[in-house]
Amino acid sequence: MPDVSDSTDESRAGILPGNIDTRSPPAMPPMGRALLLLAGGTAVSKLTGVLRELLFAAFFGTGAIAAAFRISQTAFLMPTHALVGDTLSAGLLPLYKKLDAESKEAGQALVIVAFAFALLLSLAISTGLTVASDTITGFIAPGTNGDAFDLASKLLKVTAWAAPFYILGNFLGFVEAAHGRYGAISARPMLINLVAIVGALAAWSFNDPRWLAYATTGGFGLFFLVTLQQLFSLRVIDLRATIPKHLYASAAQKLWLNNAPLLALPFIAQCNVLVERMVSSHLGTSVVPGLDYAKFITETATTLTAVPLGIIAMSVHGGSDGEAAQENLRKTTKYLLLFSLPVSAFLFSNADMIVKILFQRGAFNAHSAAITSQIVAGGAIGLAFTIVAYFLVKGLNAQLRNLDAIIATALAVAANSLFDLLAWRQLGPLALGLGATLYGAVLFATTMTQLKLWRSQAAVLAWLVFGAACSCTADLLIPPFSEGWIGFAASASLFTLVWAGLFSCVKTLREPLVPIASALMKKWKRTA
């Protein structure tokens, strides 16, 4: 996690006390260093996330407590995550970069206006979730049994008040990212996971599941305070500065015009989550947490790669659609494909084994593993497309093409939701995984078309699909009695050999990696 606590030197401050500084903001770190900061912090955070999921699975498995907690989390996260992940981050960050470059006063006016808007909206969300907790729980999970339903409603009344901390903390973190600092964004998952681990231990030790909800609200409250402290340490915001009133009006107008298309995203982007939760509750109470365990596995790759790259794209190229931004899209898309397709193929071939190694202990029994592995296998097929598509949507946001991003997302959500609703009776839990694959494929195809990237990526994509087919076929040669860590090591070794051979022989796959390999070699020689 990058340390920004010492960033108080006036030469690096964007704003000095008492007035707004007209000097340049802190220098943006190079793309490679920014990626290292974000990906490094995310990787450490993921380790705590793994520990959190392992403990949760062992303590609660896929029983009523696990289902109730996941339902309450869905109800809390649907409106808050949509606002933070799409409306605020995608709409605010590029606009703030553009206004701040034009005028420090205009940039600060936008921050204050957006903060007030986020505060009012988040309080409205918390109040609505608390008052209508029973109705919302019944709507999200209509197939849930009585005990799980009652507990989910009680937990929601507590977790609902994490919304203001979540939304405002993330908002301030994106403002920090616009100034080349990624401490808040990279630290958030680790901080939340650590508090969640404490909550899970308390809930299990005291036999009181309410501690799970207390940990959610307390964790986000702590994150907000840390983020606020880090932002003020950068002196980006000066509450004593005098800003002309017309700049507030102008900032509000521009915020509305830029974010108006994104106001549909809280409905569109979260329809997937809602339909998946409804379908999983009809499939059985145990499928509700099983879906989240599966998503934890499949979404890890996205969190480690596309998420930090998307944030960097918006913070560096926000408000620009020039050749530099387009070249960044072409190169990064190629790198993501080279990474994600081998990972996707490996996860598809070894879904059952990976789920058993990670989770099958304590309350997480063979039935829980069977449910979860079906969802993982179905989602792994299109995982690579989901990873790349996430980054491409952020590329559209960086170019302020928010309407295009909404169209792409709406098409993907419609395909996923329709498939889940039509196929769950015939395919069971597998339908949820295949629906996620369909979502990724549609989003990938649409964004690739909108950004005109097919020609630059076609050859690489064709070879990677061929490699995925070869590696999955070769994996069938491993004896079926090879299970656990032995089977995992055997499969990983075989996949490594297949992909290493393919990358060595195919120039189209090898060439993009040459600059990275050369840079690593030079760095190794300097440190040797």
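Because the structure is predicted, anything quoted here is derived from the model rather than measured.
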Review point. What's the verdict on side-chain contact (heavy atoms from CB on, under 4.5 Å) for F419 and L427, showing C-alpha distance, side-chain angles and the deciding distance?
Key: CA-CA 11 Å; F419 181 86; L427 300 178; 4.0 Å; yes
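- One distance of note links CE of M448 with CZ of R455; it measures 12.5 Å at 0.5 Å rounding.
- The shortest side-chain heavy-atom distance between F171 and T227 does not fall under the 4.5 Å cut-off.
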Point to revise | Worked verdict on L443 versus Y390 for side-chain contact (heavy atoms from CB on, under 4.5 Å) | key: CA-CA 8 Å; L443 190 61; Y390 179 94; 5.9 Å; no
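- Residues I354 and V376 are not in side-chain contact: their nearest non-hydrogen atoms beyond the backbone lie 4.5 Å or more apart.
- Residues C505 and R510 approach most closely at C-NH1, 4.0 Å, considering heavy atoms.
- A459 approaches T508 most closely through the heavy-atom pair CB-CG2, 3.8 Å.
- A heavy-atom distance below 4.5 Å is found between the side chains of F391 and L329.
- Nearest heavy atom pair, residue E276 against residue L291, reads CB-CD2, 3.9 Å.
- Between R277 and D292 a salt bridge is recorded (basic side-chain N to carboxylate O distance below 4.0 Å).
- Taking every heavy atom of both residues into account, N272 and S417 meet most closely at OD1-OG, 3.6 Å.
- At least one side-chain heavy atom of F385 sits less than 4.5 Å from a side-chain heavy atom of L461.
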Review point. Does the pair N193 and L51 meet the rule for a side-chain contact (heavy atoms from CB on, under 4.5 Å), with working shown?
Key: CA-CA 9 Å; N193 287 336; L51 178 59; over 6 Å; no
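- Distance alone, capped at 3.5 Å, is enough to place a donor-acceptor pair between the T496 side chain and the A492 backbone.
- Two residues are said to be in side-chain contact when any heavy atoms from C-beta on lie closer than 4.5 Å; L430 and I375 fail this criterion.
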Practice item. Would you sort out whether L338 and F503 count as a side-chain contact (heavy atoms from CB on, under 4.5 Å), showing the intermediate values? Key: CA-CA 9 Å; L338 291 170; F503 275 71; 3.8 Å; yes
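- When ring centroids are compared, F488 and F346 come within the 6.0 Å threshold.
- With respect to R70 and E53, a salt bridge is recorded, a charged nitrogen being found less than 4.0 Å from a carboxylate O.
- A distance of 7.0 Å separates OG in S349 from CG in L476, rounded to the nearest 0.5 Å.
- No more than 12 heavy atoms of other residues, nucleotides or ligands shown are found within 6.0 angstrom of CZ on F348.
- The distance from the CG atom of L494 to the OG atom of S471 is 8.5 Å, given to the nearest 0.5 Å.
- Put simply, CZ on R401 and CD1 on I406 are 13.5 Å apart, with the number rounded to the nearest 0.5 Å.
- Residues Q374 and P429 share a closest heavy-atom pair of OE1-CD, 4.0 Å.
- Side-chain atoms of S491 never come within 3.5 Å of backbone atoms of G487 as a donor-acceptor pair (strictly under, hydrogens ignored).
- Taken from CZ in F165 to CG in N170, the straight-line distance is 13.5 Å, to the nearest 0.5 Å.
- Counting only heavy atoms from C-beta outward, the side chains of N416 and L438 never approach each other to under 4.5 Å.
- Here the rule is side-chain contact (heavy atoms from CB on, under 4.5 Å) with L451, and of L392, T446, D404 only L392 fits it.
- How far OG of S373 is from CD1 of I297: 9.0 Å, rounded to the nearest 0.5 Å.
- Contact record, L341 with V465: CD1-N, 4.3 Å, taken as the closest heavy-atom pair.
- Remark: W463 CH2 is loosely packed, at most 12 non-hydrogen atoms of other residues, nucleotides or ligands lying under 6.0 Å away.
- Between F359 and Y293, a ring centre-to-centre spacing shorter than 6.0 Å is recorded.
- Ring geometry, W454 versus F444: the interplanar angle exceeds 60°, so the pair is classed perpendicular (tilted spans 30 to 60°).
- Taking 4.5 Å as the limit, every side-chain heavy atom of L110 sits out of range of all side-chain heavy atoms of K254.
- In this structure the side chain of V498 never reaches within 4.5 angstrom of the side chain of L502, judged on heavy atoms.
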